[in-house]
Amino acid sequence: MKNFNKYSIYYSWLLLAVLVLPMAACKKYLDNVPKDSVAGDVQWSNETTADLFLNDIYGQINNQGDTPDPLDSYTDDNDGGPYWKSWRWRQGIIGPGVEDGTPQENDGNASNYEEWNKVYSKIRKCNTFIQQVNAHPSNLSEAYRNKRIDEVRFLRAFFYSYLWMHVGGLPIITVPQDRNTDSQAELFKARSTFGDTFNFIDAQLDSVVTNNYLAKKYNAGEADAGRVTIGAALALKGWIELYAASPAFNTATPVTGSDPNKFFSFGNTDAARYTKAAATNKKFIDELGGTYTLYPDMTTFWKETNEYNTEVIFDKQSVANTTGSAFNLFGGPVYIQGQYFTWGNYDPTQELVDQFRMDNGLPITDPKSGYDPQHPYLHREKRFYDWIVYDGAPYKQNWMTSTDTIFTRINKVHPSLNEIDFGSSDVSNTAYYFKKRLNPDIRPAGGSTDGINYVYFRYAEVLLNYAEAQNEAGGPNADVYAAIDKIRTRSQLPTLEATYGGQILSQEQMRAVIRNERRVELCFENKRYYDIIRWRIAESVMNVDRHGMKITNTSPADNKGIWKYEPVLLGHPHVFTPKMYLNPIPQQVIDRNSNIKQNPNY
């Protein structure tokens, strides 16, 4: 059961409606009393009331798990339902006036990280906090100001980074704008280039890391658990540096075509960008690798009792039934023990399933792997059994009284409610469900019943970021092997050396290994979208139909034949054009500020 601190601020709302009481930051401090309960300079009269404003900023972090249409639905990994924005986006229906120019936003709490107005509202809160804390030095200690300002500088960089990844170069605003005093030039700022926006975010994070005012990490039970740390700043810095160094942006020939304003790329190629990303991620490994470690059992990683574990770097706080999510309702098997439970929105494609290795570490395409297409679920790696619900898979969550077996095959003799569905019901069209990130203790239900924190960064991603950056910068050295092997051996796979018999992998071969490990290890964590964009492969993987697994018996009347496994096309629309590497700037934004120029081809 969660400790009292997790709830203390939420239950203090009732008291704060009458009185402003001294209150320390706590584990689930993100649930903030409305700021209008503290008026004017009283907000900045002491550290407790100033923290109320800061807590509201933390509350602006999106819970990306609380949506039936996750970012993975915009990739080749997930086949979501036809009811959501991703379905229209995958038909190439996108523009400044379509869906208000925000194609990935179905529900604001989960997805307004790419919605221009909402992001700049968050940034304004950050700018206001920094301005007011600096304006009231006599009320707030130096230690408080140093620590809290760096927390907010991280949060501002975090908000900027997500919008930047979706729309490219941004107007950089670092002070609250004021219609009464600001000039036209100050109010109606133009967009910076892709490179200048990156440099601003990167420099802010570098300063937070260098200042060293923040803790390296917080652990479960600590009062500040969930606040920004040096680990979070270094992880975000390493990620955006890798993102910027990637083929889509580190180029003189933007994939979007003509980009005279350099909103989408640097406009040149510089190998040093990979070197920089490698150094930042290596710094994390070398200096914080003892503080952060891989969590040993990923089947229990997403439990409330294991929040803030050794692998978690930065997460969004949640409290069940107040600021929680309905994540368990949106995904997983639709029917469990004969009863309807979930919407079945998270359905792995056959393309993703095929990325999971055999238990000897080899891909299923390798003749030495032992893969049998007519027994495709035998001898697969541990992550496959941990995260994918396949035909005949045992299914047991802690809230269940007994184990169920999930059948997705077409069985005329013993029909299953989870049988593959080529229509529009909630049942999977791919014959797969997933169970990764499902809190095993929570029975699927509507509302905000799931209080598990949404994890943005974990240590495995740092290892993958480093391996990729270093391999691109100079090829696969021993540290690259070591980083990948840590993830593989955690999943009971042999090392790369053992898998490939001591063969020295080329840079290209290692690139393929790293991309595979990244796709499998981070599947259904809303990472794949950014990878297919930055690797410049979205046109290749998103313009083709994907597959499910059709399983039938050769003697359907009595099941006395053999079960036949046949990958089949899903027949769903797939269109991806070069302009879709960037989202459009919403038309309403351009209408308000004529200095904002539109992205290429919109």
Side-chain angles (χ1 to χ4, degrees), residues 1-2 6 63-68 70 72 78 80 220 295-309 311-312 315 318-321 324-348 352-353 356 377 380-409 416-420 426-428 430-455 458 490-492 520-526:
M1 184 174 179
K2 301 204 176 199
K6 182 157 187 171
N63 185 346
Q64 288 195 30
D66 193 20
T67 177
D72 287 304
N78 184 48
Y295 188 72
D297 181 11
M298 293 305 290
T299 64
T300 61
F301 183 92
W302 284 279
K303 284 168 59 76
E304 289 188 72
T305 53
N306 290 330
E307 290 172 343
Y308 316 107
N309 65 59
E311 189 164 344
V312 175
D315 57 6
S318 296
V319 177
N321 301 312
S325 76
F327 183 70
N328 278 33
L329 171 68
F330 299 142
V334 174
Y335 292 93
I336 302 171
Q337 296 173 331
Q339 183 178 347
Y340 175 89
F341 270 100
T342 80
W343 296 3
N345 278 51
Y346 308 143
D347 303 329
L352 173 60
V353 168
F356 287 82
Y377 311 134
R380 302 298 291 271
E381 61 163 291
K382 184 177 184 296
R383 288 176 293 190
F384 174 79
Y385 301 111
D386 288 346
W387 296 340
I388 303 295
V389 182
Y390 54 93
D391 178 75
Y395 191 76
K396 174 66 168 70
Q397 300 286 58
N398 294 340
W399 60 267
M400 299 167 58
T401 57
S402 61
T403 301
D404 194 7
T405 302
I406 306 299
F407 287 105
T408 59
R409 63 185 61 184
S416 168
L417 293 171
N418 286 306
E419 177 183 302
I420 187 172
D426 290 345
V427 174
S428 174
T430 68
Y432 300 104
Y433 299 98
F434 89 128
K435 55 183 175 180
K436 186 184 185 184
R437 288 180 47 221
L438 294 179
N439 186 340
D441 299 327
I442 299 298
R443 179 187 179 95
S448 55
T449 55
D450 190 356
I452 189 70
N453 291 351
Y454 179 84
V455 177
R458 57 186 179 94
R490 193 250 304 264
S491 302
Q492 299 178 12
V520 170
E521 177 66 25
L522 301 178
C523 69
F524 286 97
E525 295 184 49
N526 295 310

Kindly give the heavy-atom pair with the smallest separation between [X] and [Y], and that separation in Å.
X	Y	answer
A326	D66	N-OD1, 3.1 Å
D72	F524	OD2-CA, 3.1 Å
P70	N526	CB-OD1, 3.5 Å
S491	E381	CB-OE1, 4.5 Å
T342	P333	OG1-O, 3.0 Å
V334	D426	CG2-O, 3.3 Å

Distance from [X] atom [atom1] to [Y] atom [atom2], nearest 0.5 Å?
X	Y	atom1	atom2	result
Y454	Q64	OH	CD	4.0 Å
F356	C523	CZ	SG	4.0 Å
L352	I388	CG	CD1	5.5 Å
I336	L417	CD1	CG	12.0 Å
K435	Y395	NZ	OH	7.5 Å
K382	M298	NZ	CE	9.5 Å

Kindly indicate whether the side chain of [X], heavy atoms from C-beta on, has any atom under 4.5 Å from the side chain of [Y].
X	Y	answer
D450	W302	no
I452	E307	yes
P348	W387	no
N439	N328	yes
T449	I442	yes

TODO: May I ask you to say whether R490 pairs ionically with E521, meaning some side-chain N is under 4.0 Å from a carboxylate O?
DONE: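 Salt bridge present between R490 and E521.
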TODO: Taking only Lys NZ, Arg NE, NH1 and NH2, and the carboxylate oxygens of Asp or Glu, determine whether D404 and K396 approach each other closer than 4.0 Å.
DONE: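 Looking at K396 together with D404, the answer is no, because their closest N to O distance does not fall below 4.0 Å.
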Task: Criterion salt bridge (charged side-chain N to carboxylate O under 4.0 Å, His left out) on D441 and K303, from CA distance to verdict - done: CA-CA 7 Å; D441 299 327; K303 284 168 59 76; 2.7 Å; yes
- [ ] Evaluate side chain to side chain contact (heavy atoms under 4.5 Å, CB included) for F327 paired with T67, printing each intermediate quantity in order.
- [x] CA-CA 7 Å; F327 183 70; T67 177; over 6 Å; no
Open item on the list: What verdict does the side chain to side chain donor-acceptor pair (under 3.5 Å) test give for S318 and N63, after you've listed the backbone C-alpha separation in whole Å, the side-chain angles of each residue and the deciding distance to 0.1 Å?
Closed with: CA-CA 8 Å; S318 296; N63 185 346; 3.3 Å; yes
Check: [X] side chain, [Y] main-chain N or O, donor-acceptor pair, under 3.5 Å:
X	Y	result
Q337	S402	yes
D347	G331	no
R409	G392	no
T408	N418	no

TODO: With R458 as the cation and F301 as the aromatic partner, state whether NZ or CZ is under 6.0 Å from the six-membered ring centre and within 45° of the axis.
DONE: yes
- [ ] For D315 and N453, test the side chains for any donor-to-acceptor distance below 3.5 angstrom and give the result as yes or no.
- [x]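 Indeed, the side chains of D315 and N453 share at least one donor-acceptor pair under 3.5 Å.
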Open item on the list: Run F434 and N78 through side chain to side chain contact (heavy atoms under 4.5 Å, CB included) and show every step you take.
Closed with: CA-CA 10 Å; F434 89 128; N78 184 48; over 6 Å; no
- [ ] Have a look at W343 and tell me which of Y346, Y340, F341 forms a side chain to side chain contact (heavy atoms under 4.5 Å, CB included) with it.
- [x] Y340
Open item on the list: Assess the residue pair E419 and F407 against the criterion (side chain to side chain contact (heavy atoms under 4.5 Å, CB included)); give the C-alpha distance rounded to whole Å, side-chain angles, the decisive distance to 0.1 Å, and a yes or no.
Closed with: CA-CA 6 Å; E419 177 183 302; F407 287 105; over 6 Å; no
Open item on the list: Looking only at the aromatic ring of each residue, does the gap between the centers of F384 and Y390 stay below 6.0 angstrom?
Closed with: yes
Open item on the list: Please evaluate residues Y377 and D391 with respect to the criterion side chain to side chain donor-acceptor pair (under 3.5 Å), reporting the C-alpha separation (whole Å), side-chain torsions for both, the decisive distance (0.1 Å), and the verdict.
Closed with: CA-CA 9 Å; Y377 311 134; D391 178 75; over 6 Å; no
